[in-house]
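Please read these numbers as outputs of a predicted model, since none were measured by experiment. Atoms considered below: every heavy atom in the structure, side chains included; atoms not considered: hydrogens, waters and symmetry mates. Throughout, protein chains are lettered first and strands after them, A, B, ... in sequence-line order, and every chain is numbered starting at 1.
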2 protein chains.
Amino acid sequence: MPVTIRDVARASGVHISTVSRTFSAPHLVNPETRVRVLACAEDLGYRPNRAARALITGRTHNIGLIIADIANPFFPPLIKAAEGQARHRDYHIFVADTNEDPMAEEELVHALAKQVDGVLLCSPRMSNSLIEQLSREVPLVVINRQVTGLPCVVMDVGQGARSAIEHLVGLGHTAIGLLSGPRGSWTSREIRRAAGAAARAGGAELTVLGPNPPTEHGGLALAEHVQRSGVTAVLAYNDLMAIGLIEGLDALGVRVPQDVSVVGIDDIALSRLTRPKLTTVATPTAAAGRTAVDMLLQQDTDAPRGPRGVGRGTAVGARRTTAQVMLQTELVIRDSTGPASGAGSPGAARVGPDPHRPADPGRPRAATGGAVAS
Amino acid sequence: MPVTIRDVARASGVHISTVSRTFSAPHLVNPETRVRVLACAEDLGYRPNRAARALITGRTHNIGLIIADIANPFFPPLIKAAEGQARHRDYHIFVADTNEDPMAEEELVHALAKQVDGVLLCSPRMSNSLIEQLSREVPLVVINRQVTGLPCVVMDVGQGARSAIEHLVGLGHTAIGLLSGPRGSWTSREIRRAAGAAARAGGAELTVLGPNPPTEHGGLALAEHVQRSGVTAVLAYNDLMAIGLIEGLDALGVRVPQDVSVVGIDDIALSRLTRPKLTTVATPTAAAGRTAVDMLLQQDTDAPRGPRGVGRGTAVGARRTTAQVMLQTELVIRDSTGPASGAGSPGAARVGPDPHRPADPGRPRAATGGAVAS
DNA sequence: ATGAAAGCGCTAACAC
DNA sequence: GTGTTAGCGCTTTCAT
């Protein structure tokens with residue numbers, strides 16, 4: 001039923017190898033022949049079978065993308081960007097969801113390995129050593145984690161957390177809570193480290209609560225804990241948790257930001273829609289997706305021309321250069337943070353019809369990270 | 001580098017076909033041999049090359065999933081469910097995003113056709129006839145659209161819209177606006193049709209505004225229009241638009257639900273987090289994803305044993321039975337709808353610390369659709 | 001510039 | 001129960 005290279009060959013009166021060349025090395029075929037073949041292919045509706053091609057070239061033109069949780073709004077923009085970039089380069093993306101399960105991650109890498117030219121490992125929860133091991137099976141690009149020796153793209157959440165803490169300290173907060181993320185998260189460790197240092201530098205005390213599931217519920221469940229802990233400000237692992245926490249505090253009658261300030265991380269679309277609008281550290285997720293695809297593809301196209309043209313030179317020291325890209329983050333100050341304690345006038349705040357603040361006056365930026373490559 | 005079936009054969013001292021059988025028809029091989037082969041395969045790290053297998057079996061064990069916009073929070077749960085169900089059945093999912101572009105849809109079907117055993121076409125914007133045509137190239141299951149002759153899974157948005165309108169009419173609204181969705185959306189047409197009928201039946205007037213992009217911005221942009229139109233209630237094509245509209249109205253000083261009631265459709269996670277919490281028609285998106293995968297796979301496994309065992313019987317009338325599944329929807333009443341006009345006491349509503357309603361008292365359900373097959 | 005032939009990794013008759 | 005053989009659709013030497 002499906003039309004193959006042979007049908008096209010027959011129709012255009014050439015050998016199949018000529019048809020093949022027409023598609024994979026057009027310059028090697030006579031322009032006239034090429035046109036004729038192309039025409040036949042066109043109206044037979046011929047499409048090269050990529051699987052068959054892959055069998056011999058070793059290139060599937062597929063990329064695997066392993067995600068902790070597609071339903072977490074942090075990821076879709078990243079997926080979308082990766083998919084777009086990949087398609088733009090004539091690649092397709094396999095998406096797999098691990099449900100935050102480290103076991104699933106490993107299994108999925110194995111399952112995908114043969115079908116793809118490389119895998120984008122997003123926010124992995126497994127160990128570094130396992131990642132390294134897997135990278136010997138299939139080219140890997142790690143997102144949201146630094147693994148030495150492997151290409152990575154991370155957001156500078158350290159800088160982001162620092163800015164957030166400085167922002168809170170600047171508002172007079174001296175007892176700050178940190179809702180950490182899931183166990184195994186590089187990002188969570190980074191945040192904790194940076195936040196701890198920044199708090200110390202600012203003379204504030206940091207109370208770490210966690211680890212927690214990186215979900216709205218994870219935040220919500222901590223509301224009472226936060227209330228009892230006596231902190232006046234909280235930095236959450238991500239926006240979802242921050243939003244959940246605000247919900248939870250609200251239910252306890254604790255007002256944000258009057259009683260407690262809350263800062264999130266990610267700047268998902270949602271954070272502009274909740275009330276109060278969330279102060280958060282914006283992470284460039286789309287850029288991360290695009291960059292990761294580019295890095296993988298570059299690595300991919302570099303590979304084949306490795307030991308070629310090299311006479312009997314030194315033992316091919318040209319190990320692939322594995323870049324580590326760090327993307328900038330930016331603190332976006334909205335309405336969920338305010339001066340510490342007594343400053344607000346309880347009861348008067350947020351009354352009915354028009355509690356409209358200057359409404360997001362052009363995204364005041366506060367800090368940035370830097371770009372680094374190694 | 002990669003270990004093939006031949007390596008395993010050599011290691012276990014059998015012919016490659018035995019190894020092959022061990023994986024694709026274990027019952028045909030001597031238990032002892034099987035164990036030995038499996039052991040060798042195990043510690044050589046052998047994984048069957050699915051592409052090579054597909055070349056001969058015609059089954060790739062891949063499914064294509066074409067989505068209008070991954071970043072639209074309506075879709076991730078569907079993707080996640082589909083992916084999970086697929087993996088559970090040992091299939092992988094290719095995800096592609098069309099950016100709401102009908103052209104991209106067609107191209108993507110073509111691009112995926114050879115790589116997958118079937119395609120899930122989600123919320124297609126292209127024409128029915130084109131869909132039918134494409135279905136001759138690759139098995140299709142259509143989601144969120146009814147196409148006669150093709151397997152479909154749709155949500156009963158008609159029933160949902162009806163319930164929504166009845167709810168509004170019951171609250172005394174007689175001038176109701178409908179924010180329609182994107183051109184080419186089956187769902188949008190269904191909603192419009194059902195909402196129109198329900199409004200007529202309830203003695204209310206329905207003003208249709210659209211088509212519109214199915215995004216937050218699409219709703220936000222309509223705020224002024226809604227305000228001027230004089231309607232006291234609005235049903236939006238989806239939650240995103242409803243939320244955008246509320247934002248927009250809020251900016252104009254129009255209060256929801258005191259001045260205008262707003263109902264969304266979908267019940268995305270977000271709609272529980274905005275203020276006011278959104279009254280909306282819940283659609284079972286995860287179920288839709290799972291069901292679609294099941295339908296595709298069933299069709300897929302049915303296909304091969306078609307003209308087999310049939311003596312010289314009648315001309316194989318056994319055309320595949322294409323089911324059309326309709327999933328129930330449910331009106332979830334929250335805080336964005338209220339009595340028409342004068343009923344609310346402006347200014348007193350929603351004051352500071354504790355404007356807590358009975359907080360979602362167990363999801364009052366109001367209506368359901370039915371399940372149908374053809 | 002084009003044809004011939006080998007073979008990618010695997011499965012599927014068909015023998016034995 | 002297992003080995004033999006042919007070939008899926010395609011690319012890629014190697015001749016011509």
Side-chain angles (χ1 to χ4, degrees), chain A residues 1-38 40-41 44-62 90 113-117 137-138 304-305 308, chain B residues 1-38 40-41 44-62 90 113-117 137-138 304-305 308:
Chain A
M1 193 77 240
V3 31
T4 84
I5 203 175
R6 235 172 298 265
D7 301 316
V8 179
R10 203 173 307 124
S12 48
V14 295
H15 195 263
I16 61 163
S17 45
T18 301
V19 178
S20 173
R21 270 187 283 259
T22 304
F23 286 93
S24 47
H27 60 280
L28 291 182
V29 67
N30 185 310
E32 294 177 16
T33 322
R34 194 193 326 170
V35 171
R36 186 155 38 93
V37 171
L38 251 19
C40 289
L44 285 185
Y46 168 75
R47 304 246 156 194
N49 183 326
R50 304 179 93 156
R53 178 182 289 178
L55 205 50
I56 190 161
T57 62
R59 295 261 173 282
T60 61
H61 268 234
N62 292 153
D90 195 27
K114 284 291 187 7
Q115 301 231 69
V116 302
D117 296 339
E137 184 171 347
V138 57
R305 54 193 179 104
R308 172 92 85 67
Chain B
M1 195 75 238
V3 30
T4 85
I5 202 176
R6 235 171 298 264
D7 300 317
V8 179
R10 202 172 307 125
S12 49
V14 296
H15 195 264
I16 61 164
S17 47
T18 301
V19 178
S20 173
R21 271 187 284 259
T22 305
F23 287 93
S24 46
H27 59 279
L28 291 182
V29 68
N30 184 310
E32 293 179 16
T33 323
R34 193 193 327 168
V35 172
R36 188 156 37 93
V37 171
L38 251 19
C40 289
L44 285 186
Y46 168 74
R47 304 246 155 195
N49 182 326
R50 304 180 94 155
R53 177 182 291 177
L55 204 51
I56 190 159
T57 62
R59 295 263 172 281
T60 61
H61 268 235
N62 292 151
D90 196 26
K114 284 291 188 7
Q115 299 231 70
V116 301
D117 296 340
E137 184 171 348
V138 58
R305 53 194 179 105
R308 172 88 86 67

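When DNA chain C is scanned 5' to 3' for any atom under 4.0 Å from a heavy atom of chain A, the first and last hits are C:dA1 to C:dG9.
Within the structure, salt bridge (charged side-chain N to carboxylate O under 4.0 Å, His left out) contacts touching residues 8-32 of chain A (residues at least two apart or in different chains) are A:D7-A:R10.
Residues A:F23 and A:L38 form a side-chain contact, since some pair of their non-hydrogen atoms from C-beta on lies under 4.5 Å apart. Here the side chains of A:K114 and A:T60 are not in contact, with every heavy-atom distance at 4.5 Å or above.
One interatomic measurement links the two molecules: CG of A:D7 to C1' of D:dC10, which rounds to 13 Å at whole-angstrom precision. One atom, CZ of B:R53, and another, P of D:dG9, lie 18 Å apart when rounded to the nearest Å. Per the geometry, CZ belonging to A:R6 stands 12 Å off C1' belonging to D:dT11, to the nearest Å. In this structure, B:K114 atom NZ and D:dC10 atom C1' are separated by 12 Å, rounded to whole Å.
In this structure, A:R47 CZ and A:T4 OG1 are separated by 15.0 Å, a value rounded to the nearest 0.5 Å. Rounding to the nearest 0.5 Å gives a distance of 12.0 Å between OG1 of B:T22 and NE2 of B:H27.
A search for salt bridge (charged side-chain N to carboxylate O under 4.0 Å, His left out) contacts involving B:R6 returns nothing, not counting sequence neighbours. The side-chain hydrogen bond (donor to acceptor under 3.5 Å, both in side chains) check on A:T33 picks up nothing, with sequence neighbours excluded.
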Please set out all donor-acceptor pairs under 3.5 angstrom arising from side-chain atoms of residues 11-20 of chain A, sequence neighbours excluded.
unit_1: A:S12; atom_1: OG; unit_2: A:V8; atom_2: O; d: 2.6
unit_1: A:H15; atom_1: ND1; unit_2: A:S17; atom_2: N; d: 3.2
unit_1: A:H15; atom_1: ND1; unit_2: A:S17; atom_2: OG; d: 2.9

Only distances under 3.5 Å count here; give the side-chain donor-acceptor pairs of residues 48-57 of chain A to other protein atoms, sequence neighbours excluded, each with its distance to 0.1 Å.
unit_1: A:N49; atom_1: OD1; unit_2: A:A51; atom_2: N; d: 2.9
unit_1: A:N49; atom_1: OD1; unit_2: A:A52; atom_2: N; d: 3.1
unit_1: A:R50; atom_1: NH1; unit_2: A:H92; atom_2: NE2; d: 3.3
unit_1: A:R50; atom_1: NH2; unit_2: A:H61; atom_2: ND1; d: 3.3
unit_1: A:R50; atom_1: NH2; unit_2: A:D90; atom_2: O; d: 2.9
unit_1: A:R50; atom_1: NH2; unit_2: A:D90; atom_2: OD1; d: 3.2
unit_1: A:R50; atom_1: NH2; unit_2: A:D90; atom_2: OD2; d: 3.4
unit_1: A:T57; atom_1: OG1; unit_2: A:R53; atom_2: O; d: 3.0
unit_1: A:T57; atom_1: OG1; unit_2: A:R59; atom_2: N; d: 3.1
unit_1: A:T57; atom_1: OG1; unit_2: A:R59; atom_2: O; d: 3.4

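In this structure, B:T4 reaches the sugar-phosphate backbone alone: every heavy-atom distance under 4.0 Å involves primed, P, OP1 or OP2 atoms, never a base. Across all strands shown, A:F23 has no heavy atoms under 4.0 Å from either base or sugar-phosphate atoms.
Secondary-structure stems of DNA chain C, taken as three or more successive Watson-Crick or G-U wobble pairs (i with j, i+1 with j-1) under a 3.5 Å distance threshold, comprise C:1-11 with D:6-16, C:13-16 with D:1-4.
Distance noted for atom P between D:dG1 and C:dC10: 24 Å (whole Å).
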Polar pairs (N or O, both sides) under 3.5 Å between protein and nucleotides 3-6 of chain D?
unit_1: D:dG3; atom_1: OP2; unit_2: B:H15; atom_2: N; d: 2.7
unit_1: D:dG3; atom_1: OP2; unit_2: B:T18; atom_2: OG1; d: 2.7
unit_1: D:dG3; atom_1: N7; unit_2: B:S17; atom_2: OG; d: 3.4
unit_1: D:dG3; atom_1: N7; unit_2: B:R21; atom_2: NH2; d: 2.9
unit_1: D:dG3; atom_1: O6; unit_2: B:R21; atom_2: NH1; d: 3.2
unit_1: D:dT4; atom_1: OP2; unit_2: B:H15; atom_2: NE2; d: 3.4
unit_1: D:dT4; atom_1: O4; unit_2: B:S17; atom_2: OG; d: 3.4

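Contact between B:V29 and B:R34 at its shortest, heavy atoms only, is O-NH2, 3.6 Å.
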